[in-house]
There are 2 protein chains.
Amino acid sequence: MHYFVFMGIASNDKINRTTLRDVAQLAGVSEISVSRVMRNAPNISDALRQKVISAANTLSYTPNRVAGALRNQSSNLVAVVLPSMSNEVFSAVLDGAETVLAKHGLNAVLGLSNYSRERELQVVRELLSWSPSGIILTGLHHDACIEGMIRQQGIPIVQIMDIEGNPLDSAVGISHTKAAEAAADHLYDRGFRKIGYIGAWREQPDRSRARRLSFASRLDTLGIPLVAAKIAEERSSALVGSAATADLCSEHPEIDAIFYANDDLALGGLFHAMSEGLRIPEDMGFLGFNGIEIGKATPTPLSSIETPRYEMGVRAAELLLNSEGKNLVVDLNFKVFQGGTT
Amino acid sequence: MHYFVFMGIASNDKINRTTLRDVAQLAGVSEISVSRVMRNAPNISDALRQKVISAANTLSYTPNRVAGALRNQSSNLVAVVLPSMSNEVFSAVLDGAETVLAKHGLNAVLGLSNYSRERELQVVRELLSWSPSGIILTGLHHDACIEGMIRQQGIPIVQIMDIEGNPLDSAVGISHTKAAEAAADHLYDRGFRKIGYIGAWREQPDRSRARRLSFASRLDTLGIPLVAAKIAEERSSALVGSAATADLCSEHPEIDAIFYANDDLALGGLFHAMSEGLRIPEDMGFLGFNGIEIGKATPTPLSSIETPRYEMGVRAAELLLNSEGKNLVVDLNFKVFQGGTT
DNA sequence: AACCTAATTGACAACGATATCAATTTACTT
DNA sequence: AAGTAAATTGATATCGTTGTCAATTAGGTT
């Protein structure tokens with residue numbers, strides 16, 4: 001008895017897995033014929049197919065994808081690289097992508113970059129070593145090496161979230177510029193004139209920074225420059241949003257509405273205002289970003305820019321599958337949801 | 001020019017990837033030596049190591065894990081099978097697991113079962129065909145075939161979420177029975193006597209059903225039987241919780257507190273009560289389950305049974321890595337968080 | 001019956017890494 | 001200096017599948 005050790009996980013000797021050979025022997029045909037039947041290759045007689053299928057069933061044979069991938073230089077894996085999982089945005093994207101991929105017999109291998117360029121590079125390198133048949137990246141900005149690495153594999157790339165920039169290949173997302181402008185316009189239309197902004201966590205991902213800048217510039221155009229922007233140090237959360245809102249309001253009592261980098265922050269702000277007994281939206285308006293479900297259930301539903309996160313995952317997966325339409329940029333629609341907070 | 005087609009994704013011919021052989025030639029050593037250096041195998045002279053490393057760097061060589069996995073009959077992939085991604089519980093688990101796995105050079109391959117036994121079986125079969133070095137399953141109840149399939153691979157299994165039952169191997173989770181009893185006790189201690197329960201979506205996952213039953217039985221013991229339980233048809237969400245709460249309260253006006261299957265539902269209930277102008281917790285108490293972050297930021301923080309979801313993922317991954325300690329059952333602690341709603 | 005095309009089946013090599021065992025070199029003893 | 005053990009390096013076979021091309025069989029024609 002000896003042990004296989006791989007990367008820290010040790011396991012007992014494994015019973016030899018049933019292979020094509022076993023099935024072939026039982027069925028009395030060649031291995032390659034079994035292979036063909038399993039893959040539904042053309043030009044197989046019904047007789048042979050039957051023999052193989054029944055043999056495969058009795059042995060409950062499952063093809064070894066590792067071997068197949070080695071031979072084919074390509075697997076049914078799709079690499080999905082996201083910055084983090086602790087953000088409902090990305091889990092929704094992953095959900096959408098996985099759902100579509102699964103329908104086509106593809107499996108998602110997950111990599112988290114933690115918003116770090118270097119980590120992302122490392123993760124991509126690792127995932128590429130699995131000869132995935134496609135890769136989904138988040139955002140348009142990556143380490144310079146990444147493009148070359150992926151191109152060398154000749155696999156389709158889909159970048160998600162952002163579409164303003166130069167995609168490596170295809171991209172699905174929304175225009176954060178337009179979304180921010182729509183936010184500014186909405187607040188203006190609703191009569192707010194002294195507007196603040198709250199973000200968090202060094203504005204990771206950098207898309208939120210882009211939004212803030214577009215938002216501010218739009219407010220300038222409207223003649224009501226941003227009163228103040230506060231970027232909390234911590235990761236986004238309702239509690240952080242609550243605290244930041246309290247701070248911003250005390251520092252700038254004139255502010256009559258706040259646009260937030262995301263709904264978690266915005267809900268925190270909204271809750272803060274409710275605790276303070278403010279009238280909403282008369283005393284203070286709140287506009288979030290993403291349109292998460294819970295924001296619709298608050299006593300005063302949270303106004304927010306709704307983004308199609310799940311759909312983004314779905315479309316990303318679909319783009320991978322239809323590599324015929326290359327270099328496509330899919331601009332998904334966001335929507336201004338007017339709850340009761342604006 | 002011809003095409004590789006695999007499972008619906010077609011890609012152009014790929015430039016030949018750089019292999020061990022290329023590195024070996026450049027370094028003037030044998031392939032196996034390169035392999036050893038790359039894997040940090042012992043008994044390698046510094047001279048050789050240097051030659052190899054510099055050659056590998058100039059070629060920017062990345063080992064092909066597919067080939068390695070085939071030879072080793074084991075990969076650095078870990079199969080993670082979850083019911084769904086549209087539930088913050090599972091994304092937190094995945095987050096925790098991925099973080100630990102990544103530290104050890106392992107990659108997570110994701111499979112979603114959609115709460116279906118058959119789908120889960122299928123997914124497991126698929127993932128096993130990648131010779132993962134371990135597998136994480138959700139819950140303790142699976143198709144009968146699953147155990148055999150995994151055992152055949154001789155890889156460690158960790159089941160998460162639940163620990164009450166017969167784990168296949170190791171398990172990490174909480175005692176849902178005890179958690180439900182703690183919930184009942186807490187409500188009793190806080191003076192509530194007419195208690196209701198709200199769940200959703202056919203009580204998927206079935207753990208929530210187990211909780212409801214333990215909860216009800218504990219209330220019986222306390223001499224204050226459950227007034228009513230309402231299981232909404234739809235998937236859990238704050239809106240559903242809101243509606244269910246409204247219904248339950250009008251059907252049973254005597255109810256003075258509600259225990260929810262999860263925080264989404266509970267927040268919905270809380271928001272409903274706030275809209276109605278109820279005094280909380282005097283008129284109505286609310287107790288959630290999971291302790292999600294946003295519940296701490298509401299004007300009246302939501303009381304909830306806090307569950308260690310992220311940690312569950314972490315511990316699950318750690319258990320996989322330390323397969324020496326087999327058949328471990330890790331009972332993580334839940335905690336009754338008393339916000340202001342009880 | 002001889003012949004030809006099309007359909008079906010199979011033999012073989014290859015994908016890239018690594019376990020095994022053998023060969024070589026080095027280091028150390030006496 | 002000879003001998004032995006230890007460290008280092010290499011040759012070979014192998015993991016399970018599938019692309020390529022060759023071989024066989026079936027089906028139809030004249």
Side-chain angles (χ1 to χ4, degrees), chain A residues 2-7 13-25 27-52 56 59 61-76 128-131 133 153-154, chain B residues 2-7 13-25 27-52 56 59 61-76 128-131 133 153-154:
Chain A
H2 68 288
Y3 291 89
F4 290 97
V5 178
F6 193 96
M7 293 285 176
D13 282 12
K14 28 198 74 162
I15 292 98
N16 286 334
R17 113 192 321 279
T18 53
T19 71
L20 276 183
R21 167 170 288 119
D22 303 319
V23 180
Q25 278 175 352
V29 300
S30 72
E31 300 176 29
I32 184 69
S33 293
V34 178
S35 169
R36 289 196 181 111
V37 171
M38 298 312 291
R39 286 175 293 142
N40 279 314
N43 297 337
I44 297 287
S45 70
D46 280 348
L48 188 130
R49 166 166 282 120
Q50 283 314 318
K51 274 190 291 186
V52 169
L59 298 178
Y61 166 74
T62 311
N64 184 333
R65 298 206 187 264
V66 178
L70 177 58
R71 175 63 236 231
N72 275 337
Q73 306 265 313
S74 140
S75 69
N76 73 337
L128 286 182
S129 74
W130 281 104
S131 304
S133 52
Q153 306 247 344
Chain B
H2 69 291
Y3 291 89
F4 290 96
V5 177
F6 194 98
M7 294 285 176
D13 283 12
K14 31 197 74 162
I15 291 95
N16 286 335
R17 107 187 336 274
T18 52
T19 71
L20 276 184
R21 167 169 288 120
D22 303 320
V23 180
Q25 278 176 352
V29 299
S30 71
E31 298 177 29
I32 184 69
S33 293
V34 178
S35 169
R36 288 204 262 255
V37 171
M38 298 312 290
R39 285 174 294 143
N40 279 313
N43 298 335
I44 296 289
S45 69
D46 281 348
L48 188 128
R49 166 165 283 118
Q50 283 315 318
K51 274 191 289 185
V52 170
L59 297 179
Y61 167 73
T62 310
N64 183 334
R65 302 213 184 257
V66 178
L70 177 58
R71 176 64 236 232
N72 276 337
Q73 304 266 299
S74 142
S75 70
N76 74 337
L128 286 182
S129 74
W130 281 105
S131 304
S133 51
Q153 305 248 343

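FYI, side chains are in, hydrogens and waters are out, and symmetry mates aren't considered; it's all heavy atoms of this structure.
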> Do A/T62 and B/L128 touch side chain to side chain, with heavy atoms closer than 4.5 Å?
Replying inline: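 No, every pair of side-chain atoms sits at 4.5 Å or beyond.
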Nearest-angstrom distance from the residue atom [atom1] of [X] to [atom2] of [N]:
{"X": "A/L20", "N": "D/dT18", "atom1": "CG", "atom2": "C1'", "result": "9 Å"}
{"X": "B/N43", "N": "D/dA5", "atom1": "CG", "atom2": "C1'", "result": "13 Å"}
{"X": "B/I32", "N": "C/dA22", "atom1": "CD1", "atom2": "C1'", "result": "13 Å"}
{"X": "A/Q73", "N": "C/dG16", "atom1": "CD", "atom2": "C1'", "result": "8 Å"}
{"X": "B/W130", "N": "D/dT17", "atom1": "CH2", "atom2": "C1'", "result": "12 Å"}
{"X": "B/N76", "N": "C/dA17", "atom1": "CG", "atom2": "P", "result": "14 Å"}
{"X": "A/N64", "N": "C/dG16", "atom1": "CG", "atom2": "P", "result": "17 Å"}
{"X": "A/Y61", "N": "D/dG16", "atom1": "OH", "atom2": "C1'", "result": "7 Å"}

> Relative to the 5' end of DNA chain D, which residue comes earlier, B/P42 or A/V66, by the nucleotide with the nearest heavy atom?
Replying inline: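 Result of the comparison: B/P42.
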>> For A/P63 and A/R36, find the nucleotide of DNA chain D closest to each by heavy atoms; which residue's nucleotide sits nearer the 5' end?
In response: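 So the residue in question is A/P63.
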For [N], does either OP1 or OP2 sit under 4.0 Å from a side-chain N or O belonging to [X]?
{"X": "B/S45", "N": "D/dA7", "answer": "no"}
{"X": "A/S30", "N": "C/dG10", "answer": "yes"}
{"X": "B/S33", "N": "D/dT9", "answer": "no"}
{"X": "A/N72", "N": "C/dC15", "answer": "no"}
{"X": "B/R39", "N": "C/dA19", "answer": "yes"}

>> If you assign each of B/A67 and A/G28 to its closest nucleotide in DNA chain C, which residue comes earlier from the 5' end?
In response: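 By nearest-heavy-atom nucleotide position, the 5'-most residue is A/G28.
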> For the base of D/dT17, is there a side-chain donor-acceptor partner from A/R71 under 3.5 Å away?
Replying inline: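 There is none.
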> Has B/R49 got more than 12 heavy atoms of other residues, nucleotides or ligands less than 6.0 Å from its CZ?
Replying inline: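 Atom CZ in B/R49 is crowded, with more than 12 foreign heavy atoms closer than 6.0 Å.
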Quick check against the 3.5 Å criterion: does [X] have a side-chain atom that pairs as donor or acceptor with the backbone of [Y]?
{"X": "A/S75", "Y": "A/S131", "result": "yes"}
{"X": "B/D22", "Y": "B/T19", "result": "yes"}
{"X": "B/R39", "Y": "B/S35", "result": "yes"}

